[in-house]
Amino acid sequence: MSVAPKPTPRFVPRDPLTLHPETRLVHGGTTRSPFGETSEALFLTQGFVYDDAESCEARFKGEDPGFVYSRYSNPTTAMFEERMALLEGAEAARATASGMAAVNAALLCQLSAGDHVLAARALFGSCRWILEDFLPRFGVETTLIDGGDLEAWKAGVKPNTKIFFLESPTNPTLDLIDIAAVAEIAHAAGARLVVDNVFATPLLQHPFELGADVVVYSTTKHVDGQGRCLGGVILSSKQFVTDHLQTFLRQTGPSISPFNAWIMLKGLETLALRVERMQASAGKVADALAALPGVEKVIYPGRADHPQAELAKRQMKGGGTLVTFVVKDGKEGAFRFANALRLIRISNNLGDAKSLITHPATTTHQRFTPETRAEMGISDGLLRLSVGLEHADDLIADLAGAAEAL
Ligand SMILES: *Cc1c(COP(=O)(O)O)cnc(C)c1O
C-alpha cells in the first residue's frame with residue numbers, strides 16, 4: 001500500500017515554552033506520519049529513499065531538510081531530541097547511545113590538544129576517567145578541584161581553559177555546587193560550562209537558567225526510569241551544534257538506536273509524575289532513616305540539616321530522588337544492612353521505578369584508594385539509595401527491618 005506523501009501534522013504550539021513542563025513532556029516534538037497515529041511511531045530504518053537523483057542531491061546539500069541516514073538523524077530520534085529540547089528550554093538537543101557517549105561527545109567535540117578543562121572532583125566514575133586518564137593522552141590538560149569551593153574554580157583557571165565541567169548534586173555524597181556562581185567564573189574566563197544534570201533530573205534543576213552552556217544527561221536513569229535502555233542527550237545552543245557537535249556526532253557515530261529513542265520518548269510522557277512521586281517518597285524515607293537506630297548520618301538536599309540546604313532551595317525544586325546515609329560498623333554494617341533488605345534491591349543503577357541501593361566504596365568508587373575515597377567523603381558505611389515508585393511506607397518498613405540487622 002502506498003501513502004501519498006503530505007506534510008505531517010506536528011505539535012507546533014504558539015509558544016511552547018509557555019506550556020507547563022508536564023504538557024511539553026506529553027506533546028513536545030511529536031511528528032505524525034501520514035497515518036496520523038496517536039502514539040509516536042518507531043522508525044526502525046537505517047536509511048531513506050529518494051524520489052529522484054535531484055532530491056537526493058538536495059538532501060545531501062542540506063537544501064532539503066529531510067533525513068539521510070540514521071547515524072546522522074532519524075525521525076523517532078528527532079522527536080525525542082525535540083521533546084528534550086522543549087523540556088529543557090534549549091535551542092537544540094542531540095541524542096546519543098548512552099550517558100557516557102553524551103559526556104564524551106560534549107567534551108571532545110570542542111577540545112583540541114593544548115586546551116585545558118577545569119572540573120569538580122566529585123564526578124561519576126567514567127566522567128572522571130575521561131578527564132584524568134583519557135583526555136591527557138591527547139594533549140588536553142585537566143585539573144580536578146573541590147567543586148564546592150568557588151575560590152578553587154577561580155584559582156584553577158588557566159589562559160587555555162576552555163571548559164568547566166561539573167555535576168550537582170554529586171554522586172554519591174549529594175553535595176551541591178553553586179551552578180550560577182561557577183557559570184559566572186567560567187564566562188569571565190572565556191570558558192563554557194558543561195553540566196551533567198542526571199541526579200537533579202530536568203524537572204528539578206534548570207542549568208541553562210543558571211548559566212550553563214551545555215547540559216548532558218544519561219537518559220538511562222530517570223528518563224527511561226524503567227530499567228530498559230541506555231541513552232544520553234546533549235542540550236545546547238544551535239550555534240554549538242553547528243560549530244562543534246553536529247559534525248562530531250555524524251562522523252564518529254555514537255548514535256542512539258531509534259528503538260531506544262522511542263523508549264525514552266515514551267518515558268518522557270510520565271517523567272514528571274514519576275519524579276514527583278519519587279521525590280516525595282525520598283523526603284519521607286530520608287526523615288525515617290534519620291530516626292533509625294544504627295544510622296549515623298543522612299544526607300538529603302531537601303532536609304534542613306543538609307550543609308547546603310539554602311543552596312538546594314535556591315537551585316533545585318526539592319531534594320531529589322536519591323538519599324545517601326551512613327550506617328555504623330563500616331563496610332560490615334553496610335553489607336549487613338543491604339543484605340537484610342527485602343524490597344529494595346542491591347544495584348549500581350539509579351532513577352528506576354524500583355528502589356535500588358548501592359555501596360559506593362565497593363562498587364562505583366572501588367577503583368579509588370581509601371585515601372581518595374575519604375577525600376570524596378565516601379566512607380565504608382555509606383549507602384546510596386535511589387528511591388523508586390513503591391509506596392513510601394513499604395520502603396520505610398523495609399529500611400526499618402534492615403536496621404534491626406545492625
Ligand atoms: C549514569 C551516569 C552517567 C553515565 O550514563 P550511562 O547512560 O550509564 O552511560 C553519567 N553521569 C552521571 C551523573 C550518571 O549518573
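Atoms within each ligand, like the ligands themselves, are counted from 1 in listed order.
In this structure, the side chain to side chain contact (heavy atoms under 4.5 Å, CB included) partners of T324, at least two apart in sequence or on a different chain, are L174, I299, L382, R384. A search for salt bridge (Lys or Arg N to Asp or Glu O under 4.0 Å) contacts involving R345 returns nothing, not counting sequence neighbours.
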As a test of reading the model: which N/O atoms of the protein lie under 3.5 Å from N/O atoms of ligand 1, and at what distance?
from     : atom 1 : to   : atom 2 : distance (Å)
ligand 1 : 5 (O)  : S218 : OG     : 3.0
ligand 1 : 7 (O)  : G99  : N      : 2.8
ligand 1 : 7 (O)  : S218 : OG     : 2.7
ligand 1 : 7 (O)  : T220 : OG1    : 2.6
ligand 1 : 9 (O)  : G99  : N      : 3.1
ligand 1 : 9 (O)  : M100 : N      : 2.8
ligand 1 : 11 (N) : D196 : OD2    : 2.7
ligand 1 : 15 (O) : K221 : NZ     : 2.7

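Using modelled atom types and a 3.5 Å distance limit, the side chains of Q251 and R71 yield no donor-acceptor pair. Side-chain contact of T142 with H116: a donor-acceptor pair under 3.5 Å is absent, judged by distance alone.
For the pair R373 and F368, the NZ or CZ position fails the cation-pi test of under 6.0 Å to the six-membered ring centre and within 45 degrees of the ring normal.
Applying the ring-ring contact (aromatic ring centres under 6.0 Å, His included) definition to pairs two or more places apart or across chains, those involving residues 316-340 are F325-F337, F335-H359.
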